[in-house]
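This report refers to the structure that appears directly beneath it.
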2 protein chains.
Amino acid sequence: MTDSRRPAASRTRPVAFRRIRADHQTELAEDYVELIADLLDERGEARGTDIAKRLGVSNATVVKTLRRLQENRLIHQEPYRSVFLTDVGRKMANEGRRRHKIVERLLVALGVKPEIARIDAEGLEHHVSAHTLDAMKRFLKQGVRKT
Amino acid sequence: MTDSRRPAASRTRPVAFRRIRADHQTELAEDYVELIADLLDERGEARGTDIAKRLGVSNATVVKTLRRLQENRLIHQEPYRSVFLTDVGRKMANEGRRRHKIVERLLVALGVKPEIARIDAEGLEHHVSAHTLDAMKRFLKQGVRKT
DNA sequence: TCCAGATTTTAGCATTGGCTAAACTTTTGT
DNA sequence: ACAAAAGTTTAGCCAATGCTAAAATCTGGA
Ligand SMILES: [Mn+2]
Ligand SMILES: [Mn+2]
Ligand SMILES: [Mn+2]
Ligand SMILES: [Mn+2]
C-alpha cells in the first residue's frame, strides 16, 4: 500500500501544517496593509474606522491590531490621526495585491462567478506559494493545453 | 472612478473577510478529523501522539484540541485510549478529503509540482466555496476551452 | 509481581484576535 | 465660544491555539 515515490505522511504532513500556521500568522497583517493601501489610493487617507468597516470588525479590534502593525514597522500612525504605510508596509501591500489579482483572475478563468471569485480569493491568496503563483500566471497567459 | 457593475468595496469586502474568519474557525477541526480518518484507515487507530507528530505540534496542544472536538461531538475518546470519529466527524472528514483531493488535483493540472501541490492544497482547501469547487471539478473533467 | 521507562494528561503561561462599554478627544453648529 | 455630536482610544473581558515542565498512568521485562 506504500507508494515508494511518495514520502511517508509522517514526514511530509508536518511540513504542510507548519506552513499553514506560518501563513496564518502573516495573513491578518497582509490584509490590513492591502486595505490601507486601497483606502489611501481611493480617498487619500485611511482611518481606523474605515478599516473596521471594511473588515466587518469592531473599532477596538482595529486599534489593537494597528498598534501591533506599528510595532512591526508596517505602518505609521499618531493618536487621532489616520494611518500610513512604511516602505516595508507598502511593499507587503503591493506583493499582496499582485498575488490577490492573479488568484482572482485564475478563478474567473476557471469559470467561477466574479463575485464569488472575489470572495474566495480573499482567503486563498495567503496560502499560494510562489511556485503555484507562477503556474497560475502561466496558465492565465498562454490559454492552456491540458489533456 | 466607480464601476457601476461592481458594488462598493465598503459593502462587499466585509462579506469576504467575515467568510475568512468563519473558515478559520472550522479549519483546525477539519484538519483534525481528516487526519484522524487517515490514521484510522492506515493503522486502525489514531493516538493523540500520532496526530501531534503529523501536525508538527506538541502533545499537550493536541490533548486540548481533542477535548474541544469531543465537546463539539466530532470525536469520541476515553482517557489513555485512542480517538474515534462520530458520525458527524466522519462526514466532515469525508467532505474534507473530497475537497482536498480536488484542489490538489487542480493545482497539479495547472502545472504545480506534486510535492508543492500537496503542501499548498492543505491550506487552500478551507477557503474554497462549493461553487468554486464545482468550477474546479468541471475544469478537471473536461480539459477546458478558455480563450 | 513490581518498578523503571514510556506514554499521556494537567498546570500554567503567552499571544492573537475578537467583543462591549466607558472614557477621552475632536469637530461642528449655533 | 462652547456644548452636543461624532469619532477614537482604553479597559476589561473571552476563546482559541500554541508552548514547556510536572504529575499521573500504563506496561514490559526482570
Ligand atoms: Mn488580499
Ligand atoms: Mn486576504
Ligand atoms: Mn485536508
Ligand atoms: Mn487543511
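Lettering of chains follows the sequences in order, A, B, ..., and the numbering in each one begins at 1.
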Quiz prompt | Asn59(B) CG to dA24(D) P, straight-line distance once rounded to whole Å | solution = 18 Å

Quiz item: So, is Ser58(A) near the phosphate of dC19(C), with a side-chain N or O under 4.0 Å from OP1 or OP2?
Solution: yes

Self-check item: Closest listed nucleotide, where the reference is the side chain of Leu28(B) and the choices are dT8(C), dT17(D), dC19(C)
Solution: dT17(D)

Practice problem: Using atom CD of Glu27(B) as one end and atom C1' of dT17(D) as the other, report the distance to the nearest whole Å. | Solution: 12 Å

Self-check item: Side-chain N,O (Arg47(B)) to OP1/OP2 (dT8(C)) below 4.0 Å
Solution: yes

Quiz prompt | Short side-chain to backbone donor-acceptor contact, Arg21(A) and Gly56(B), under 3.5 Å | solution = yes

Exercise. Let me know the distance between CZ of Arg68(B) and C1' of dG18(D), rounded to the nearest Å.
Key: 11 Å

Exercise. Starting at atom NZ of Lys64(B), determine the distance to atom C1' of dT8(C), rounded to an integer number of angstrom.
Key: 15 Å

Quiz item: Do any N or O atoms from the side chain of Glu125(A) and from the backbone of Val103(A) form a donor-acceptor pair under 3.5 angstrom?
Solution: no

Quiz item: Closest to the Val63(B) side chain: dC26(D), dT10(D), dT10(C)?
Solution: dT10(C)

Quiz item: Are OP1 or OP2 of dT17(D) and a side-chain N or O of Thr61(B) less than 4.0 angstrom apart?
Solution: no

Self-check item: Glu78(A) CD to dG7(D) P, straight-line distance once rounded to whole Å
Solution: 21 Å

Quiz item: Taking the side chain of Ala60(A) as its heavy atoms from C-beta onward, which of dT20(C), dT10(C), dT25(D) lies nearest to it?
Solution: dT20(C)

Practice problem: Just compare dC19(D), dC19(C), dA24(D) and give me whichever is closest to any side-chain atom of Val57(B). | Solution: dC19(D)

Practice problem: For Arg18(A), report the nucleic acid contact type (base, sugar-phosphate, nothing); a contact means any heavy atom under 4.0 Å. | Solution: nothing

Quiz item: Separation of Gln77(B) atom CD from dT9(C) atom C1', in whole Å?
Solution: 11 Å

Quiz prompt | Atom-to-atom span, CZ of Arg67(B) to P of dA11(C) - whole angstrom | solution = 9 Å

Quiz item: Where each residue is assigned the nucleotide of DNA chain D containing its nearest heavy atom, which of Gly56(B) and Arg81(A) is assigned the position nearer the 5′ end?
Solution: Arg81(A)

Quiz item: Roughly how many Å is it from CG in Leu66(B) to P in dT10(C), rounded to a whole number?
Solution: 12 Å

Quiz item: Are Arg19(B) and Asp23(B) ion-paired here, with the side-chain N under 4.0 Å from a carboxylate O?
Solution: yes

Quiz prompt | Geometric class of the His24(B)/His127(B) ring pair [parallel <30°, tilted 30-60°, perpendicular >60°] | solution = perpendicular

Practice problem: For His131(A) and Ile116(B), work out which heavy atoms get closest and say how close. | Solution: ND1-CD1, 3.4 Å

